[in-house]
Amino acid sequence: MAAAGERRQLLGAAVVLALVLASDAVFVEDLDESFKENRKDDIWLVDFYAPWCGHCKKLEPVWNEVGIEMKNMGSPVKVGKMDATSFSSIASEFGVRGYPTIKLLKGDLAYNYRGPRTKDDIIEFANRVAGPLIRPLPSQLLFEHVQKRHRVLFVYVGGESPLKEKYIEVASELIVYTYFFSASEDVLPEYVTLPELPAVVVFKDGTYFVYDEYEDGDLSSWINRERFQGYLNVDGFTLYELGDTGKLVAIAVIDDKNSSVEHTRLKSIIQEVARDYRDHFHRDFQFGHMDGNDYINSLLMDDLTIPTIVVLNTSNQQYFLPDRHIENTEDMVKFINNILDGTAEGLKIARSEE
């Protein structure tokens, strides 16, 4: 009896395994030259790969998981892969220059994915870009639900206007990074006071900030700067993304596992400056901490010992180190002001020979 039960369990497991293995072929389509003619009928998430590429081979099992989950959740997005070396003219037409390249193709538009190559991140990107460009929030309940799910939330408030047209235009460009919502004023939390309508508001860091064309300049640049929380846990990928904002990045380089006073103190100083001096510095600076010095040392080709503070200017390949010990927030504010007024000495980020 027990043996029969075990056999049934093994058989069931074998069937499940067979279905999972078969699902790779079903849920991730191998694309060929016919894709060029047929692709506008659907929304496609495509991995352009090269057979010899190590990163592509590493992505393959993740890509199969993406295909399975997208199908299981009933997503309208079809998942495919194309050997860009066999169909180089099509790959070139879509602007593929390296491998793997992940793109979401929607109508005439092709959106590049530049995030971490994990199943959840790729699926989140596909659902965001494939869905409505502007998502309406018709009720307070829905607004509260969405606000809990998004650490940074952009909302257009008001009726038809040139600002709304600009918001839609910016959304079509920056949907690859963040969601865009719209709402009427009565849906917003009671603590929100808008100086005028229409308005674009970002909710983050436990508060909100209203776009001001005269103070903040171009809407696209403002949204690109504001799409990050005021304080971040910084890694190599985040630094790469922050390079698009034009901001300087002030980082406490620490050992997260080290609970000694010096490590926690530097982290707290950066957090306090980010919170208490936002109005002074948020247009020019991003704040955060980085765990460990391996990445930063390889980037700077320097030998920073931790804990320390470094300010990176990725737009001109410069970095700044304090010329004295940072004891408190006042010291950090002075260091930042010295950078802004040009009295702090900038060091050049060394470039490796290519």
Side-chain angles (χ1 to χ4, degrees), residues 114-116 150-154 170 173-174 176-179 200-212 215-254 256 266-293 295-300 302 304 306-322 326 329 331-342 344 346-347 349:
R114 303 200 311 175
H150 295 272
R151 292 175 179 173
V152 179
L153 180 68
F154 290 101
V170 172
E173 173 196 355
L174 297 182
V176 292
Y177 297 121
T178 189
Y179 286 89
V200 177
V201 188
V202 60
F203 294 84
K204 66 176 186 177
D205 301 329
T207 185
Y208 70 96
F209 306 97
V210 182
Y211 167 67
D212 182 327
E215 289 284 332
D216 300 313
D218 178 63
L219 179 62
S220 177
S221 299
W222 179 77
I223 288 176
N224 199 33
R225 291 195 306 270
E226 294 291 348
R227 64 189 174 90
F228 298 94
Q229 291 176 277
Y231 182 89
L232 297 170
N233 187 344
V234 179
D235 57 16
F237 173 72
T238 312
L239 270 182
Y240 171 70
E241 277 208 305
L242 287 169
D244 290 339
T245 67
K247 287 185 176 185
L248 286 83
V249 189
I251 306 170
V253 187
I254 61 171
D256 263 338
L266 288 184
K267 182 178 176 181
S268 295
I269 287 172
I270 296 287
Q271 286 174 324
E272 287 169 20
V273 173
R275 183 188 66 234
D276 299 340
Y277 291 83
R278 178 194 150 85
D279 290 345
H280 294 83
F281 299 136
H282 83 277
R283 287 187 179 87
D284 299 303
F285 279 84
Q286 176 66 52
F287 298 93
H289 78 273
M290 179 174 278
D291 182 20
N293 61 352
Y295 180 84
I296 202 77
N297 281 346
S298 65
L299 175 70
L300 304 181
D302 202 340
L304 305 185
I306 54 176
T308 190
I309 284 174
V310 61
V311 174
L312 303 174
N313 186 343
T314 55
S315 60
N316 68 0
Q317 302 299 308
Q318 263 191 332
Y319 68 101
F320 300 86
L321 298 172
I326 301 290
T329 54
D331 287 346
M332 187 65 203
V333 168
K334 186 175 181 182
F335 176 41
I336 290 172
N337 282 326
N338 288 345
I339 293 171
L340 289 173
D341 65 22
L347 304 167
I349 295 177

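This structure is a prediction, so every number in the text was calculated from the model and none was measured.
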Between F154 and W222, what is the ring plane arrangement, given parallel below 30°, perpendicular above 60°, and tilted in between?
perpendicular

Over all atoms of both residues, closest heavy-atom pair of L219 and Y211
N-OH, 3.4 Å

S221 side chain to N224 side chain, donor-acceptor N/O pair below 3.5 angstrom
no

H150 and Y179 aromatic ring geometry - parallel, tilted or perpendicular at 30°/60° bounds
perpendicular

Please say whether the positively charged group of R151, taken as NZ for Lys or CZ for Arg, lies over the ring of F228, i.e. under 6.0 angstrom from the six-membered ring centre and within 45 degrees of the axis.
no

Answer yes or no: is there an ion pair linking R114 with E241, defined by an N-O contact shorter than 4.0 Å?
no

Shortest non-hydrogen contact from D256 to D291?
N-OD1, 2.9 Å

Examine distances only and state if a side-chain atom of K334 and a backbone atom of T329 form a donor-acceptor pair shorter than 3.5 Å.
no

Is a side-chain donor-acceptor pair under 3.5 Å present for D244 with Y177?
yes

Charged N to carboxylate O below 4.0 Å: is that the case for R275 and D205?
no

Please walk me through it: do R227 and E173 pass salt bridge (Lys or Arg N to Asp or Glu O under 4.0 Å)?
CA-CA 13 Å; R227 64 189 174 90; E173 173 196 355; over 6 Å; no

Could you pull out all residues at least two apart from H289 that satisfy ring-ring contact (aromatic ring centres under 6.0 Å, His included)?
Y231

Y240, OH: over 12 other non-hydrogen atoms inside 6.0 angstrom:
no

In terms of the angle between their ring planes, are H280 and Y277 parallel, tilted or perpendicular, with boundaries placed at 30° and 60°?
tilted

Is it true that D218 and R225 make a salt bridge, defined as a side-chain N closer than 4.0 Å to a carboxylate O?
no

If you measure from CD1 on I336 to CG on L340, what distance do you get to the nearest 0.5 Å?
7.5 Å

What are the two closest non-hydrogen atoms of P307 and I254, and how far apart are they?
CB-CG2, 4.1 Å

Side-chain heavy-atom pair M290, V310 within 4.5 angstrom cut-off:
no

